[in-house]
Amino acid sequence: MGLQLDDKWIWDFWFAVDGREVHVFYLQAPRSLGDPDLRHHRATVGHAVSTDLRSWTLLPDALAAGPAGEFDDLATWTGCVVRHGDRWQMFYTGVSRAEQGRVQRVGLASSTDLIHWERHGAVLEADPRWYEVLHPGVREEAWRDPWVFRDEASGLFHMLLTARAPHGPVDGRGVVGHATSDDLVSWTAGPPLSEPGDFYHLEVPQLVNVGGAWQVLFCATAADQSAARTARGVTPQGGTHYLRADTPTGPYTLADGPFLVGDDVASRYAGRILRHDGEDHFFAWENVGADGRFVGALSDPLPVTAVPDGGLAVMPSAAAR
């Protein structure tokens with residue numbers, strides 16, 4: 001197991017590379033809660049560092065719930081870190097007590113050293129022109145898991161998000177949300193970069209380029225597969241899969257075939273790809289163990305390769321359970 005804590009569960013995570021050091025930020029919650037389903041409203045952002053991707057040294061926690069009355073005063077959830085100028089920028093998901101954690105917004109914090117973080121408040125929320133907002137038929141307003149990258153051609157920053165379209169069957173509205181900015185502070189939401197239809201949501205998106213082709217990783221459980229997708233004869237899986245694109249800004253289309261790393265219980269979830277020392281590595285968090293119990297730990301890296309059709313493969317021998 002790559003990183004497992006005795007007193008806390010670990011789940012969604014993201015990386016920042018600073019020279020030889022690889023920093024991992026991750027959601028954590030106390031194992032003393034007993035029931036892992038309770039962890040989401042107790043989530044904080046932990047932090048560790050490594051030089052070999054296998055041995056991790058714990059560092060001070062990065063973020064906890066914000067001050068009373070703020071958009072993130074209940075919990076802080078999944079995000080990403082990018083470097084711009086001489087500062088690191090962390091985009092993360094926040095949920096509030098006033099809304100019982102049901103409305104998600106994107107917040108910003110910055111740091112000069114990846115250790116000490118200064119909050120800058122909420123910078124983006126779902127735009128009802130293109131995205132579903134909270135209503136009686138759904139459990140939440142999905143607008144989370146920001147992934148930020150810069151388009152080198154235009155200089156514009158883009159943000160990908162877990163989001164839902166405001167139309168179509170409720171079980172298939174999951175899309176990759178999209179917003180843009182020229183300064184990482186002021187953001188404008190735009191139409192989604194994928195079409196709805198196959199999943200309730202596409203969680204934890206990450207844009208990658210492996211083998212010269214663009215892919216967007218996402219995760220979903222077997223229960224997130226829509227009835228329409230099942231009716232086409234697709235066996236539900238849970239884990240990490242990907243969409244394809246000709247350009248970084250899409251449009252994104254679902255890759256055919258089984259999940260990149262998946263099974264019927266989503267044993268490994270919310271995968272990320274990290275390029276380190278010229279090689280691509282796949283990480284996920286360990287969700288369900290061989291005994292059927294929740295694990296809550298970060299996996300060791302697995303080798304990733306491109307396949308001839310522009311797709312991805314995690315090496316079968318390494319991925320075997």
Side-chain angles (χ1 to χ4, degrees), residues 9 11-14 26-30 33-45 63-80 90-109 119-147 159-179 187 189 191-192 194 196 199-205 218-221 223-226 238 266 269-270 285 287 294 296:
W9 293 303
W11 64 106
D12 295 1
F13 60 94
W14 55 101
Y26 49 87
L27 301 190
Q28 59 180 7
L33 291 171
D35 181 355
D37 289 341
L38 299 177
R39 72 190 189 277
H40 300 288
H41 286 179
R42 295 289 300 278
T44 59
V45 178
L63 291 176
E70 292 294 326
F71 81 102
D72 57 356
D73 68 354
L74 178 60
T76 51
W77 291 349
T78 312
C80 69
M90 182 187 294
F91 297 89
Y92 66 96
T93 309
V95 291
S96 72
R97 295 179 181 276
E99 294 158 330
Q100 295 82 49
R102 299 183 69 198
V103 176
Q104 300 157 12
R105 296 179 178 86
V106 175
L108 172 63
R119 278 179 157 90
H120 302 291
V123 296
L124 189 62
E125 58 185 46
D127 188 324
R129 290 178 294 174
W130 295 297
Y131 301 102
E132 179 184 80
V133 295
L134 188 65
H135 63 84
V138 296
R139 61 180 181 259
E140 63 189 7
E141 183 174 313
W143 192 250
R144 64 180 180 274
D145 310 335
W147 179 262
M159 183 185 294
L160 309 182
L161 303 109
T162 298
R164 284 171 50 82
H167 55 78
V170 171
D171 69 347
R173 294 185 179 184
V175 293
V176 177
H178 182 222
W187 289 87
S194 68
F199 299 98
Y200 186 89
H201 50 204
L202 293 81
E203 296 192 284
V204 194
F218 72 92
C219 56
T221 69
D224 292 328
Q225 178 166 299
S226 69
Y269 202 65
W285 61 269
N287 180 23
F294 185 78

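Here the structure is a predicted model, which is why all the values come from computation and not from measurement.
Considering only heavy atoms from C-beta on, Cys80 stays 4.5 Å or farther from Met159 through its side chain. Between Glu99 and Leu74 the shortest side-chain heavy-atom distance does not fall below 4.5 Å. Counting heavy atoms from C-beta on, the side chains of Val176 and Leu161 never come closer than 4.5 Å. Counting heavy atoms from C-beta on, the side chains of Thr221 and Phe199 never come closer than 4.5 Å. Counting heavy atoms from C-beta on, the side chains of Pro205 and Thr162 come closer than 4.5 Å. In this structure the side chain of His41 never reaches within 4.5 angstrom of the side chain of Leu38, judged on heavy atoms. A 4.5 Å side-chain heavy-atom check between Leu160 and Phe218 finds every atom pair outside the cut-off.
Evaluation of the side-chain hydrogen bond (donor to acceptor under 3.5 Å, both in side chains) rule for Glu203 yields Arg144, Tyr269 as partners, not counting sequence neighbours. For Glu125, the salt bridge (charged side-chain N to carboxylate O under 4.0 Å, His left out) test picks out Arg105, with sequence neighbours left out. Residues passing the side-chain hydrogen bond (donor to acceptor under 3.5 Å, both in side chains) test with His135 are Glu132, sequence neighbours excluded.
Atom OG1 of Thr78 and atom OH of Tyr26 lie 14.0 Å apart (nearest 0.5 Å). With rounding to the nearest 0.5 Å, the separation of CZ in Arg42 from CG in Leu27 is 14.0 Å. For the atom pair OH (Tyr200) and CD (Gln225), the distance works out to 15.5 Å, reported to the nearest 0.5 Å. Annotation: the span from His120 atom NE2 to Met90 atom CE amounts to 11.5 Å, rounded to 0.5 Å. Put simply, CG on Leu33 and CH2 on Trp9 are 5.0 Å apart, with the number rounded to the nearest 0.5 Å. Separating the OH atom in Tyr92 from the CG atom in Asp72 is a distance of 4.0 Å, to the nearest 0.5 Å.
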> What's the verdict on ring-ring contact (aromatic ring centres under 6.0 Å, His included) for Trp143 and Phe91, showing C-alpha distance, side-chain angles and the deciding distance?
Replying inline: CA-CA 12 Å; Trp143 192 250; Phe91 297 89; over 10 Å; no

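Within the 3.5 Å criterion, the main-chain N or O of Arg139 finds a donor-acceptor partner in the side chain of Arg102. Arg173 places a side-chain N or O within 3.5 Å of a backbone atom of Gly168 that can act as its donor or acceptor partner.
Checked against the 6.0 Å centroid threshold, Trp77 and Phe71 do not count as a close aromatic pair.
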